[in-house]
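To start, the structure under review is shown below, and the notes come after it.
Order of listing sets the numbers, starting from 1, for every ligand and every atom in it. In this text the structure is predicted, and so the values were computed from the model without any measurement.
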Amino acid sequence: MSLPIIDLTQPMSSTAPLLGDTCENTGFFLVRGHGVPSSLIGDMAETSRRFFDLPVEQKKAVAAQPGSDRGYRALGAGKLGETAGQTVAPDLRENYFIGPPDLPAGKAASGFFSANVWPATLPEMGEVCTAYYKAMKGLADHLLMLSAVALSLPENYFEPYNDAPISQLTMVNYPEQQEAPGDSQFRASEHTDFGALTLLLAEDKPGGLQVQQRDGTWLNVAPPEPNCYIVNIGDLMARWTNDRWKSTVHRVINPPREKAMISRRQSIVFFHHPNEDANIACLPTCVNGEARYAPTTPGQHLRERLTAVYGKKSPN
Ligand SMILES: O=C(O)CCC(=O)C(=O)O
Ligand SMILES: [Fe+2]
């Protein structure tokens, strides 16, 4: 099996049903024709590589602080599998977190709207990440519009939930593995994503993404062409749709030992989270029996999940 490719230059009458089908199946799909300039994607990948190549003291100088969730998290700082109630070893990756670049009217610059931090030695990083964040926000808005159509809702249905979104952009580095990983240790342990939509740009390297299929087997997923996004829905969309659309378990596995020293892999991940206090409850077109989830808010759900992954360092 391979994931369907949705070409956003095609008419909505073909893209929306394709999106709906794949979200009912794996909740994962590929996106091309998205209009994000390849120069911006290239600049973002370059910025990410430059940041992770900095000496560790310079990376630690922009370490994420309790309560803000902006900046650097070192190798082994997180355990994604804890969100699925698993006991796992620390994930073999390092991250950098970027939040909303603009402060919406009436919001304080704290919690999910904390100011971003940038390393002094990479002056261009703030500009590149901000431009990329805004491009991803545009792509997420487009995919939410298609999602609404696929769910038999008005095109602009999700707009009121998304006028002050708390999306997070994360740069991720999975280093070469000099030593064999421990038992129950992954590059990214099994989890579902926490937001509404995830827009992933990933390198195709040994030790990549795997998505769990309905029969329990794992599907290897790599971008089939340059600048192609791997998109998946997260927990909030599953809750919105009463599990008609699946927030599917995935992980990043370790490379085979013989390729461990050529396995450095980077990914740039945009997690779209709606407004902090939006009411995420079963959509009117997805009731079908009883609602499986109590309503939640993006802020509450993200806070809970980040606390499970990183301990008590998430926004509060
Ligand atoms: O790096 C990847 O390919 C996926 C990472 C991921 O699943 C996540 O950060 O939620
Ligand atoms: Fe994920």
Side-chain angles (χ1 to χ4, degrees), residues 3 23 26-31 41 44-45 48-49 51-52 64 69 72-84 86 88 90-99 132-133 136 140 167-177 181 185-213 218-224 226-238 245-255 263-273 298 301-302 304-310 314:
L3 298 177
C23 288
T26 58
F28 272 78
F29 53 98
L30 304 165
V31 169
I41 291 177
M44 188 63 210
S48 176
R49 177 171 299 275
F51 174 76
F52 289 116
D69 202 44
Y72 179 62
R73 284 204 161 100
L75 190 69
K79 298 177 177 180
L80 278 165
E82 299 279 327
T83 56
Q86 298 185 342
V88 290
D91 292 338
L92 292 169
R93 63 184 209 159
E94 52 185 340
N95 302 48
Y96 195 89
F97 282 88
I98 297 139
Y132 188 81
Y133 186 107
M136 289 303 97
S167 304
Q168 295 195 316
L169 173 61
T170 312
M171 311 186 313
V172 193
N173 184 46
Y174 302 91
E176 296 92 356
Q177 295 186 346
Q185 191 160 38
F186 288 86
R187 286 187 140 178
S189 43
E190 287 180 36
H191 65 283
T192 59
D193 287 348
F194 322 144
L197 278 176
T198 303
L199 313 179
L200 166 72
L201 201 61
E203 288 185 320
D204 185 4
K205 290 290 176 68
L209 178 66
Q210 289 192 327
V211 174
Q212 192 166 42
Q213 302 182 93
W218 293 94
L219 176 71
N220 292 316
V221 176
N227 300 347
C228 181
Y229 282 86
I230 299 166
V231 177
N232 64 286
I233 64 153
D235 300 341
L236 297 181
M237 193 55 96
W245 285 10
K246 307 292 184 297
S247 178
T248 294
V249 172
H250 54 282
R251 64 187 184 185
V252 181
I253 56 167
N254 299 309
S263 69
R264 180 181 180 184
R265 178 178 184 272
Q266 290 180 85
S267 62
I268 314 277
V269 203
F270 184 81
F271 299 104
H272 173 73
H273 299 268
H301 189 69
L302 180 53
E304 280 170 15
R305 291 297 191 266
L306 288 176
T307 303
V309 180
Y310 296 106
S314 61

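Atom numbering of ligand 1 starts at 1 in the shown order; those under 4.0 Å from a heavy atom of V252 are 1 (O), 2 (C), 3 (O), 4 (C). With ligand atoms numbered from 1 in the order given, ligand 1 contributes 5 (C), 8 (C), 9 (O) to contacts under 4.0 Å with heavy atoms of R93. Of all atoms in ligand 1, listed by their number and element, those nearer than 4.0 Å to a heavy atom of F271 are 8 (C), 9 (O), 10 (O). Atoms of ligand 1 found under 4.0 Å from any heavy atom of S267 (numbered from 1 in listed order, with element): 1 (O), 2 (C). Here is the list of ligand 1 atoms found below 4.0 Å of a heavy atom in L200: 2 (C), 3 (O). Atoms of ligand 1 found under 4.0 Å from any heavy atom of H250 (numbered from 1 in listed order, with element): 7 (O).
Restricting D193 to its N/O/S atoms, the shortest distance to the Fe ion (ligand 2) is reached by OD1. Here the N, O or S atom of H191 that is nearest to the Fe ion (ligand 2) is NE2.
Side-chain atoms of H250 and Q212, non-hydrogen and from C-beta on, never get closer than 4.5 Å to each other. Residues M136 and Y229 form a side-chain contact, since some pair of their non-hydrogen atoms from C-beta on lies under 4.5 Å apart. The side-chain heavy atoms of R251 and S189, taken from C-beta on, include no pair separated by under 4.5 Å. Contact annotation: the side chain of L80 approaches that of R93 to within less than 4.5 Å [non-hydrogen atoms, C-beta and beyond]. Annotation: side chain of F52 is in contact with side chain of R264 (closest heavy-atom distance under 4.5 Å).
The residue from D193, D235, D69 that alone fulfils the salt bridge (Lys or Arg N to Asp or Glu O under 4.0 Å) condition with R305 is D235.
Summary of contacts: the protein heavy atom closest to atom 5 (C) of ligand 1 is Y174 OH, 3.4 Å. Nearest to atom 3 (O) of ligand 1 among the protein's heavy atoms is R265 NH2, 2.8 Å.
At least one heavy atom of D193 sits less than 4.0 Å from an atom of ligand 1. For the pair H191 and ligand 1, a heavy-atom separation below 4.0 Å is found.
With respect to E203 and R265, no salt bridge is recorded, no charged nitrogen being found less than 4.0 Å from a carboxylate O.
The residue R187 has no part lying near ligand 1, judged by heavy-atom distances below 4.0 Å.
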Query raised in the report: Does the pair H272 and L199 meet the rule for a side-chain contact (heavy atoms from CB on, under 4.5 Å), with working shown?
Result: CA-CA 8 Å; H272 173 73; L199 313 179; 6.0 Å; no
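Judged by distance alone, with hydrogens and angles left aside, the side-chain atoms of R187 form a donor-acceptor pair with the main-chain N or O of P175 at under 3.5 Å.
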